[in-house]
Number of protein chains: 2
Amino acid sequence: MDHLAGDIDARGTEPDGFEGTRPDCRGPVASFGIGELAAEFGLTHRTIRHYEEEGLLAPARSGTVRVYDHRDHARLALICRGKRLGFSLAEIKEFLNLYDSDDAQVEQMRYMRGIARRRISALEQQLADVQQTLGELYRIDTQISEHLGRNGITETQDMEEKHS
Amino acid sequence: MDHLAGDIDARGTEPDGFEGTRPDCRGPVASFGIGELAAEFGLTHRTIRHYEEEGLLAPARSGTVRVYDHRDHARLALICRGKRLGFSLAEIKEFLNLYDSDDAQVEQMRYMRGIARRRISALEQQLADVQQTLGELYRIDTQISEHLGRNGITETQDMEEKHS
DNA sequence: CCTTACGTTTACGTAAACGTCAAGGAAGGG
DNA sequence: CCCTTCCTTGACGTTTACGTAAACGTAAGG
């Protein structure tokens, strides 16, 4: 928890209020406003602030305004993926700590390896579930299409031919 | 919806109150009580009743007592998998209708093929997510293990060697 | 007959993950 | 100066997916 907020004021936040769209920033983009992130990830401002309330994000502040850097951007991407995978915010929070752990002590690392392995088990189960369900859905789709085709119905659009 | 409840009283529910554990039932097991299902799937009674309230299950009744057959059992398995995949009960309900649709009309089938295809898209995305996340977690686990090993720490247990 | 196990309905409670106002600050443009 | 745009902090509302408590029925076993 602590090391997330540890370097918040140690980064070179430009003193002027003009970030993210400037053409001479080295690297892709240096910082983002909440609106940019919201648009990019398809979230609302409220949602992003909620993640901060829950301790998943800790953006810098320029005065009162939130300023997100590439690290926050990466974290948010992980949060979104975690959500798509059906994890709770609390689980995602644990999960995130796996990524920014350089300074970890031995016990801490053992602990986190435990978390990682449990999550691996869950995801392996989920992988099997997804594959099985996809297989069944492909069959259903094919069956329906055949049934419709047999009766001389015009097709609307075709699925990609992945389910061969 | 209707065809789910259509044959509720048409099945051979034994007149005596002794089902499921009798040795001469043809097939694996003919019917289950709510407790058996709960234990088997790791759910509470409340949860199973809740699924019924939401229209995901429609077990037969022996008097007031719920009696589940192999069909209900299969549906419940699908419900659990859907839940592990992060779908809402409403989505799972739609999903279930894909499975017991023999009597479907053409428009109905088109509609359901649409549902199936949307779900396929979602699951394909999810499959990619799971695989990517698993890959990253394998790397994290390996890194931590190496780090611990380098410092001469005794290992606790090893993961299966899938992440080779 | 009493207990125990298992089941029932009804109804209110709750945790998570936001949505939705309300009310306002700060910056830039016309 | 005003307007618009983007952002802020509360704070209460909502949906989903059950939990939980109350009060009761039924059937087997001692």
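Just so it is clear: chains get the letters A, B, ... in the order the sequence lines come, proteins before strands, and each one is counted from 1.
- Distance CD1 (B/Ile48) to P (D/dC18): 11 Å, rounded to an integer number of Å.
- The side chain of B/Thr64 approaches C/dT8 more closely than any other nucleotide in the set D/dC7, D/dG19, C/dT8.
- We find that A/Glu52 and A/Lys93 are not joined by a salt bridge, their nearest charged nitrogen and carboxylate oxygen being 4.0 Å or further apart.
- Contact annotation for A/Tyr51: backbone-only contact, meaning every heavy-atom pair under 4.0 Å involves sugar-phosphate atoms and none involves a base.
- None of B/Gln132, B/Gln125, B/Gln126 except one satisfies the side-chain hydrogen bond (donor to acceptor under 3.5 Å, both in side chains) rule with B/Asp129; the exception is B/Gln125.
- Within the structure, every side-chain polar atom (N or O) of A/His45 is placed at least 4.0 Å from both OP1 and OP2 of D/dT8.
- In this structure, B/Phe32 has its ring center closer than 6.0 angstrom to the ring center of B/His73.
- For the pair B/Glu53 CD and D/dT16 P, the computed distance is 14 Å after rounding to whole Å.
- As a whole-Å value, the separation of A/Ile92 CD1 from C/dA17 P is 8 Å.
- In this structure, A/Ile79 atom CD1 and C/dC18 atom P are separated by 10 Å, rounded to whole Å.
- Regarding contacts with the backbone of D/dC18, a side-chain N or O of B/Lys83 is found under 4.0 angstrom from either OP1 or OP2.
- Atom P of nucleotide C/dA16 and atom CG of A/Leu89 are separated by 10 Å, given to the nearest angstrom.
- Each of B/Glu54 and A/Gly33 lies near DNA chain D, and the nucleotide nearest A/Gly33 is the one positioned closer to the 5' end.
- Atom NE2 of A/His50 and atom P of C/dC18 are 6 Å apart (whole Å).
- Taking only side-chain atoms of A/Thr44, from C-beta outward, the nucleotide of D/dT16, D/dT8, C/dG19 with the closest atom is C/dG19.
- One interatomic measurement links the two molecules: CZ of A/Arg46 to P of D/dT8, which rounds to 12 Å at whole-angstrom precision.
- Between A/Thr47 and C/dA17, a side-chain N or O to OP1/OP2 separation shorter than 4.0 Å is absent.
- Salt bridge present: B/Arg81 and A/Glu136 bring a charged side-chain N and a carboxylate O closer than 4.0 Å.
- The CD-P distance, from B/Glu52 to D/dC18, rounds to 15 Å in whole Å.
- Cation-pi geometry between A/Arg119 and A/Phe87 is met: under 6.0 angstrom from the ring centre, within 45 degrees of the axis.
- Counting only heavy atoms from C-beta on, A/Val65 has its side chain closest to D/dC7 among D/dC7, D/dT16, C/dT20.
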